[in-house]
Amino acid sequence: MPEDDLPETVYHYTDIHGLQGIYEHGKLWATNSRYLNDTSEIQLGVVTLKTRLLQGRLELMKEENDLLNARLDATEQDREIPDTTDRESEIGTRLKKLQRLLDAAERVSKNEDTYVTSLSAAPDQLSQWRGYAKDGYCIGFSTELLRKGMGTDFDMRPVAYQKGTTDDDVHAKRTHELIDQLMDDIDTDDDFSTEDADWIVSSVIRQETAFVKDRHFSEEAEIRIVPNTWRPPDLFTPNRYGMVPRILIDLPDGAITKVIVGPGAHQELRIRSLIEYFMFVKFKKDDNSSSKPKIERSIIPYRDW
């Protein structure tokens with residue numbers, strides 16, 4: 001799914017406590033990527049980036065060697081020696097840039113992380129009910145209103161599920177583009193500090209690798225919200241991983257368009273409870289909101305009780 005072709009509605013699977021918090025506070029949580037359920041978060045994209053940098057260096061070194069051999073052959077055969085000075089100089093500059101990028105990528109990959117809000121293009125999906133919302137709820141958000149509410153502070157786009165490193169892979173193509181961007185941004189001047197190189201690489205790693213995920217999660221059709229710049233956490237919440245850092249994303253009025261009540265025990269009673277809840281509790285609780293989400297029932301005939 002192209003990033004500019006997002007669905008009209010995106011979804012978030014949660015339990016009753018998550019639903020209440022999102023609705024009454026009018027905020028989404030973005031979680032530090034180190035605490036997500038995919039243990040390869042961020043690092044998968046970093047590894048791909050470093051691999052491509054190493055491939056680029058190998059290709060340049062091979063070309064440099066070919067130019068040297070061409071000069072030697074011309075000398076041995078008493079032919080005119082080709083003038084490759086400009087190209088050799090260009091190769092040397094690019095090799096220096098690649099090495100600075102590799103050094104910076106190695107440093108920042110050990111500590112880099114970001115904050116992620118996970119949504120989905122797939123409503124009422126059994127695997128997500130099982131994984132994230134047993135006896136829970138699927139909240140539908142207006143994509144347009146989400147984007148308007150976030151402004152330029154956050155980036156929202158589909159995840160690229162990595163299937164390999166071939167040129168026809170979506171993420172591989174994006175990685176090629178990243179290398180070009182980094183090579184344009186970085187310099188080899190003596191006054192170009194290590195901190196500058198780290199900042200450039202970490203900015204790209206933070207923003208771009210946050211949208212890369214292992215192919216085994218592709219069924220989730222994930223759409224992510226990621227901050228465009230680094231920011232400190234707004235709060236910490238306790239769970240089995242410890243104190244998890246999170247940041248908050250404000251939701252505009254009307255952003256929650258529907259709530260799907262998931263399969264499970266007491267579904268009819270849970271539907272009835274939401275009807276009453278939305279009747280008496282306002283969005284953001286104390287605001288003058290008049291919008292009320294539509295309530296729907298999961299059509300999946302699943303029972304685990």
Side-chain angles (χ1 to χ4, degrees), residues 3 33 40-114 155 157 159-214 226-230:
E3 60 187 77
S33 59
S40 67
E41 287 288 351
I42 304 300
Q43 293 304 315
L44 181 62
V46 174
V47 168
T48 305
L49 178 63
K50 289 166 65 176
T51 300
R52 180 54 195 153
L53 286 169
L54 289 169
Q55 288 174 343
R57 186 174 68 176
L58 184 62
E59 290 166 5
L60 287 172
M61 292 174 68
K62 182 179 183 302
E63 183 180 355
E64 187 178 47
N65 187 63
D66 289 344
L67 292 176
L68 174 61
N69 288 333
R71 287 204 313 273
L72 291 173
D73 288 344
T75 301
E76 291 175 357
Q77 298 179 23
D78 197 22
R79 290 187 286 105
E80 182 180 355
I81 299 175
D83 185 4
T84 59
T85 306
D86 290 345
R87 181 55 185 162
E88 288 178 8
S89 176
E90 181 181 351
I91 290 174
T93 299
R94 291 183 66 83
L95 282 171
K96 288 180 181 179
K97 288 186 176 185
L98 280 171
Q99 189 58 54
R100 298 206 74 169
L101 291 175
L102 276 166
D103 292 342
E106 180 63 29
R107 285 189 294 270
V108 300
S109 67
K110 296 176 181 177
N111 302 303
E112 193 57 48
D113 53 19
T114 189
D155 192 5
R157 55 177 132 124
V159 162
Y161 292 99
Q162 187 175 8
K163 298 180 176 61
T165 56
T166 59
D167 288 343
D168 60 345
D169 181 75
V170 172
H171 178 58
K173 289 181 180 179
R174 184 176 287 278
T175 302
H176 283 285
E177 295 170 359
L178 286 181
I179 298 298
D180 291 339
Q181 175 189 333
L182 289 169
M183 292 290 280
D184 288 339
D185 289 345
I186 204 167
D187 204 342
T188 56
D189 294 342
D190 292 337
D191 61 352
F192 191 80
S193 69
T194 297
E195 290 76 16
D196 292 331
D198 284 357
W199 184 87
I200 290 172
V201 176
S202 65
S203 296
V204 173
I205 288 175
R206 182 188 306 117
Q207 197 61 22
E208 295 299 334
T209 62
F211 293 97
V212 181
K213 204 168 168 77
D214 186 276
V226 174
N228 281 323
T229 56
W230 182 88

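Below, each value reflects all heavy atoms present in this structure, side chains not excepted, and no hydrogens, waters or symmetry copies.
Evaluation of the side chain to side chain contact (heavy atoms under 4.5 Å, CB included) rule for Arg57 yields Leu54, Met61, Leu95, Leu98, Gln99, Leu102 as partners, not counting sequence neighbours. With sequence neighbours left out, the side chain to side chain contact (heavy atoms under 4.5 Å, CB included) criterion links Asn69 to Asn65, Leu72. For Ala74, the side chain to side chain contact (heavy atoms under 4.5 Å, CB included) criterion is met by Arg79, Ile81, Pro82, not counting sequence neighbours. Applying the salt bridge (Lys or Arg N to Asp or Glu O under 4.0 Å) criterion to Asp86, with sequence neighbours excluded, gives no partner residue. Evaluation of the side-chain hydrogen bond (donor to acceptor under 3.5 Å, both in side chains) rule for Asp83 yields Thr85 as partners, not counting sequence neighbours.
Val226 approaches Phe211 most closely through the heavy-atom pair CG2-CZ, 3.6 Å.
Salt bridge Lys62/Glu59: absent, no basic N to carboxylate O contact under 4.0 Å.
Taking CD of Glu90 as the reference point, atom OG1 of Thr84 lies at 12.0 Å (rounded to 0.5 Å). Here the CG atom belonging to Leu67 is positioned 8.0 Å from the CD atom belonging to Glu64, to the nearest 0.5 angstrom. With rounding to the nearest 0.5 Å, the separation of CZ in Arg94 from NZ in Lys97 is 7.0 Å.
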